Amino acid sequence: MRLPDEPELPLQINIVPMIDVIFAILTFFIMSTLFLTRSEGLPVNLPKAATAKQQQIPSKVTITVDEQGVVSLNRKQVAVDDLTNQVRTLIGSNSEMLVIINADEKVSHGKVVAVMDRVREVPGAKLAIATQRR
């Protein structure tokens, strides 16, 4: 006795599980990059300015003056008197280096001027003051 032949179905590749895996991996990378944002200085309340511009210089040094007047150079606390030597060491042989001052809006004007004065003693240091857009 002979059984009827079954019609042969063409082979198919089901890509739905592969799409699910790709979306899961994409979600993982998106979520992980959100936590990898790089902060340039310590968190302070920056003053707001309507004419703020983004500086496009690759090499920079960040000086932070927090609400209590504590000065930090690249997230390391430093005395104002030692600031000139440490900035000079960081700049080294680089002819131009951008020094960004992140000063809290509540810190006294005199403290910021003292920091700026110390940075101006370093040849090749260009000063910038960080602000937020309104």
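Predicted, not measured: the structure shown is a model, and the values here were computed from it.
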>> For a quick test of reading the model, state the closest non-hydrogen atom pair linking Ile91 to Ala125 and the distance between them.
In response: CD1-CB, 3.7 Å
> Looking at CD1 of Ile101 and CG of Leu127, how far apart are the two atoms once the value is rounded to the nearest 0.5 Å?
Replying inline: 5.0 Å
> Which atom names give the shortest non-hydrogen contact between Glu121 and Arg88, and what distance separates them?
Replying inline: O-NH2, 3.5 Å
>> Quick check for you: to the nearest 0.5 Å, what is the distance between Leu90 atom CG and Asn74 atom CG?
In response: 6.0 Å
>> According to a hydrophobic-cluster definition based on side-chain heavy atoms being under 4.5 Å apart (Ile, Leu, Val, Met, Phe, Trp, Tyr only), do Met116 and Val70 belong together?
In response: no
> Knowing that exactly one of Asn102, Leu83, Val80 qualifies, which makes a side-chain contact (heavy atoms from CB on, under 4.5 Å) with Ile63?
Replying inline: Leu83
> Taking it one step at a time, do Val119 and Val61 satisfy side-chain contact (heavy atoms from CB on, under 4.5 Å)?
Replying inline: CA-CA 11 Å; Val119 173; Val61 175; over 6 Å; no
>> For a side-chain contact (heavy atoms from CB on, under 4.5 Å) check, start with the C-alpha distance between Val71 and Lys111, then their side-chain angles and the critical distance, and finish with the verdict.
In response: CA-CA 9 Å; Val71 179; Lys111 187 74 167 187; 3.9 Å; yes
> To the nearest 0.5 Å, what is the distance between CG (Asn85) and CZ (Arg118)?
Replying inline: 9.5 Å
> Nearest heavy-atom pair of Leu98 and Ala128: which atoms, and what distance?
Replying inline: CD1-CB, 3.7 Å
> At what distance, to the nearest 0.5 angstrom, does OG1 of Thr64 lie from CG of Asp104?
Replying inline: 10.5 Å
Donor-acceptor contacts, no H, no angles, side chain residues 14-30, under 3.5 Å, sequence neighbours left out:
from: Asn14; atom 1: OD1; to: Val16; atom 2: N; distance (Å): 3.3
from: Thr27; atom 1: OG1; to: Phe23; atom 2: O; distance (Å): 2.7

> What is the minimum heavy-atom distance between Val122 and Thr84, and which atoms define it?
Replying inline: CG2-O, 3.6 Å
